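Written out below as structure tokens is the structure these notes cover.
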Amino acid sequence: MSDVVGLVLPFFGLIFVGFLVARITRQPLEALGWMNTFIVYVALPALFFQLLAKTPFENLTEWRFIFGSVVSTYLIFSLMFVGSVLLSRGEIAQSTIKALAAAYGNIGYMGPGLALLAFGEEAAVPVALIFCFENIMHFAIAPMMMALSGAEKTAPSRLVLGVLRKIVLHPFIIATALGVGAAYIGFRPPVAADRFLEYLSRAAAPCALFAMGVTLALRPLNRVPHEVGAIAVLKLILHPLLCYVMLSWIGNFSGTWVFSAVLLAALPTATNVFVIAQQYGVWVQRASASILITTCLSVATVTGLLYLIRHGVLAPDLFP
């Protein structure tokens, strides 16, 4: 158990440090803007590119793996969405945010750092693939569902163009595409450029986790949704379990790939869910509360999952 605690404690400790510093210094949330810009536009793209460019190209085209991980996420989304629509008698906008809270994990800020720390550089490829394809789906589904609810007033043509722009121009997706292209042609950056990318990559996880802690501290916990219990169970327990079963059933993947996907599925609600809620003015404070509560609970659930993985309790393939 001590090896798992030694793995998880520094990781969640960075989030706590960010939370504590934000509480002490009382800087406004806007002061975090340039750090978020550095993380999203520089550090994490450098990490994805550097690791993918060094990966054999055949490892980057595992569509069965992509299908299994994405389908498990959207089964969770659908389960929460349908349940919420039935209970709220047709409220689509709020149900969409609730479903995102139950299915959209913090795979950008928390995923790469924790997966690489737990499983090594081999985890970079499944993490990058899951991140890209799940975010493509999120970018498409959120505005589409809001349009169906009437919360999105944009014309259909502009709506589609906006979705495509978000997908094509997202820095993580651009970096992943460049990394895949570099792997395909066998490109290796010059030594100086490679060292520069290495420096940026090392900054990605600490900065992202610190920024996440600051963000959690500066969003007050005013309204705790009664749905938070269902969201927490779906996000932290059922989602990783379903992902594990789905990938075991679909194919014979390496343990690192399966466990990386399961770990990403077990991560708490993404901070982007709050951003989406705020953008449409729907379920805003409750989305913030869901992020904070699932993040706190994930300290126990993620630690437990890593314990099961590291001590061989969880087999790499449920159906050998």
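Everything numeric in this text was worked out from a predicted model, so none of it was measured. Throughout, numbering of the chain's residues begins at 1 and tracks the sequence.
Applying the side chain to side chain donor-acceptor pair (under 3.5 Å) test to every pair with at least one member in residues 25-47, sequence neighbours left out, gives these pairs: Asn36-Tyr109. For residues 51-73, every residue pair satisfying the ring pair (Phe, Tyr, Trp, His ring centres under 6.0 Å) rule, not counting sequence neighbours, is listed here: Phe57-Tyr184, Trp63-Phe133, Phe65-Phe253, Phe65-Trp257.
The hydrophobic cluster around Ile24 extends to Phe16, Leu20, counting ILVMFWY residues whose side-chain heavy atoms fall within less than 4.5 Å of a member. Tyr199 belongs to no hydrophobic cluster, as no Ile, Leu, Val, Met, Phe, Trp or Tyr side chain comes under 4.5 Å of its own. Val168 forms part of a hydrophobic cluster together with Leu169, judged by ILVMFWY side-chain heavy-atom separations under 4.5 Å.
In the hydrophobic cluster analysis, where Ile, Leu, Val, Met, Phe, Trp and Tyr join through side-chain heavy atoms closer than 4.5 angstrom, Ile185 is grouped together with Leu51. Leu305 and Leu318 end up in the same hydrophobic cluster when Ile, Leu, Val, Met, Phe, Trp and Tyr side chains are linked at under 4.5 Å. Leu308 and Val233 are members of different hydrophobic clusters when ILVMFWY side chains are connected at heavy-atom separations under 4.5 Å. Residue Val275 is not grouped with residue Ile141 when hydrophobic side chains (ILVMFWY) are merged at heavy-atom distances under 4.5 angstrom, including chains of intermediate members. By the rule that hydrophobic residues join a cluster once side-chain heavy atoms approach within less than 4.5 Å of another member, Ile76 and Trp249 end up as members of one cluster.
Every residue was checked against the side chain to side chain contact (heavy atoms under 4.5 Å, CB included) condition with Ala177, not counting sequence neighbours, and none meets it. Every residue meeting the side chain to side chain donor-acceptor pair (under 3.5 Å) condition with Tyr104, not counting sequence neighbours, appears here in chain and number order: Asn135, Asn272. With sequence neighbours left out, the side chain to side chain donor-acceptor pair (under 3.5 Å) criterion links Thr73 to Glu134, His239. Applying the salt bridge (charged side-chain N to carboxylate O under 4.0 Å, His left out) rule to Glu198 yields the partners Arg202; only residues at least two apart in sequence or on another chain are considered. With sequence neighbours left out, the side chain to side chain contact (heavy atoms under 4.5 Å, CB included) criterion links Ser95 to Phe81, Ser84, Val85, Ser88. The side chain to side chain donor-acceptor pair (under 3.5 Å) search around His170 returns none, not counting sequence neighbours. Residues forming a side chain to side chain donor-acceptor pair (under 3.5 Å) with Glu227 (at least two apart in sequence, or on another chain): Lys98.
When all heavy atoms of Pro316 and Gly255 are compared, the closest pair comes out as CB-CA, 3.8 Å. Contact detail for Ile250 and Gly68: the closest heavy-atom pair is CD1-CA, 3.4 Å. Nearest heavy atoms, Thr176 versus Cys132: OG1-SG, 3.2 Å. Closest heavy-atom contact between Val273 and Leu100: CG2-O, 3.8 Å. Between Pro45 and Val40, the shortest heavy-atom distance links the atoms CG-O, 3.1 Å.
Judged by distance alone, with hydrogens and angles left aside, the side-chain atoms of Thr294 form a donor-acceptor pair with the main-chain N or O of Thr269 at under 3.5 Å. For the pair Ser69 (side chain) and Ile66 (backbone), a donor-acceptor distance under 3.5 Å is present.
At most 12 non-hydrogen atoms from other residues, nucleotides or ligands lie less than 6.0 angstrom from CZ of Arg195. For CZ of Arg188, the number of neighbouring non-hydrogen atoms (other residues, nucleotides, ligands) closer than 6.0 Å is greater than 12. Within a 6.0 Å radius of CG in Asn252, no more than 12 heavy atoms belonging to other residues, nucleotides or ligands are found.
Residues Phe119 and Leu263 are in side-chain contact: their nearest non-hydrogen atoms beyond the backbone lie under 4.5 Å apart. No side-chain heavy atom of Phe259 sits less than 4.5 Å from a side-chain heavy atom of Leu306. No side-chain heavy atom of Leu178 sits less than 4.5 Å from a side-chain heavy atom of Phe48. With a 4.5 Å cut-off on side-chain heavy atoms, Met110 and Phe12 count as touching.
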Point to revise | Candidate pair His138 and Tyr74, rule side chain to side chain contact (heavy atoms under 4.5 Å, CB included), full reasoning | key: CA-CA 10 Å; His138 293 319; Tyr74 280 92; 2.5 Å; yes
**Study point:** side chain to side chain contact (heavy atoms under 4.5 Å, CB included) between Leu236 and Ile231, intermediate numbers included
**Key:** CA-CA 8 Å; Leu236 303 176; Ile231 289 172; over 6 Å; no
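Here Glu91 does not pair with Arg89 in a salt bridge; the nearest charged N to carboxylate O distance is not below 4.0 Å.
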